[in-house]
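Let me begin by presenting the structure, written as structure tokens, before commenting on it.
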Amino acid sequence: MSRKIRAIYKKLFRAFGQQHWWPAKSGFEVILGAILTQNTSWRNVQRALLQLKKSGNFSPAGLKALPLKELSQLIRPAGFYNFKAAYIKEFLKFFFKEYRGSLPKMRLKNKDLLRAQLLSLKGIGPETADSILLYALDKPVFVVDAYTRRILSRHHLIKPQDSYTDIQGLFERSLEQDSKMFNEYHALLVKLAKDYCLKNKPKCQLCPLK
Ligand code: SF4
């Protein structure tokens, strides 16, 4: 099993090359993107991020000072905007209380503590917490999403009832604890799912994993 997990990475990296994830200019932008991307397309997230940037409040302190209603209107393109605005506000409250709004300070803490803290916040589930840990804080945590599940189950590497933790454990046991590799591997799986391992009609004949 572990050998297959490593072999998939090699094949995908050879086929697609480096993916340069996460598509953001700062760790703070990664965090906002990770919250906004829940149940919506990345295109809608980009529209919401652009509105935040145009508003001139695109910083932890700027968004903390912004009234909740204004924040929710700015992120409207991402959908579920009232919920997501409340989640962002809750994250910011925690971020300033625990880390004075500083990502470098947050990075000094170990990943288990940070994961527990993030999971205790409203609106942050395992995938969002792990995306923040890996892509904003550079911690070696494997991010599991629906694409990962689809690809692995089609290759009979997981069972339908396997949990998020089971799948994450499979990757983390099979690979070196290397945040750069985890970063790249997740991004490669996303590319594979979007280009070949489509939900309804996988293009197996053209796929690097055929
Ligand atoms: S498209 Fe086919 S070969 Fe490629 S990952 Fe999906 S199931 Fe596997």
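Numbering of ligands and ligand atoms starts at 1, following listing order.
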Residues pairing under ring pair (Phe, Tyr, Trp, His ring centres under 6.0 Å) where one sits in residues 143-186, two or more places apart or in two chains, turn out to be Y9-Y185, W21-H186, F142-F171, F142-F182, F142-Y185, F171-Y185
Tightest non-hydrogen contact, residues Q205 and K210, listed as O-CD, 3.4 Å
Exercise. Could you go through the side-chain hydrogen bond (donor to acceptor under 3.5 Å, both in side chains) check for Q117 and Y99 one step at a time?
Key: CA-CA 12 Å; Q117 288 181 327; Y99 301 107; 2.6 Å; yes
Can you tell me if R43 and Q46 form a side-chain donor-acceptor pair at under 3.5 Å?
no
Note on atom 6 (Fe) of ligand 1: protein N/O/S atoms within less than 2.8 Å are C197 SG
Side chains of L63 and L71, heavy atoms from C-beta outward: is any pair under 4.5 Å?
yes
What one should report as the nearest heavy-atom pair of D138 and S179 is OD1-OG, 3.0 Å
A student checking ligand 1 against K210 at a 4.0 Å heavy-atom cut-off should list atoms 3 (S)
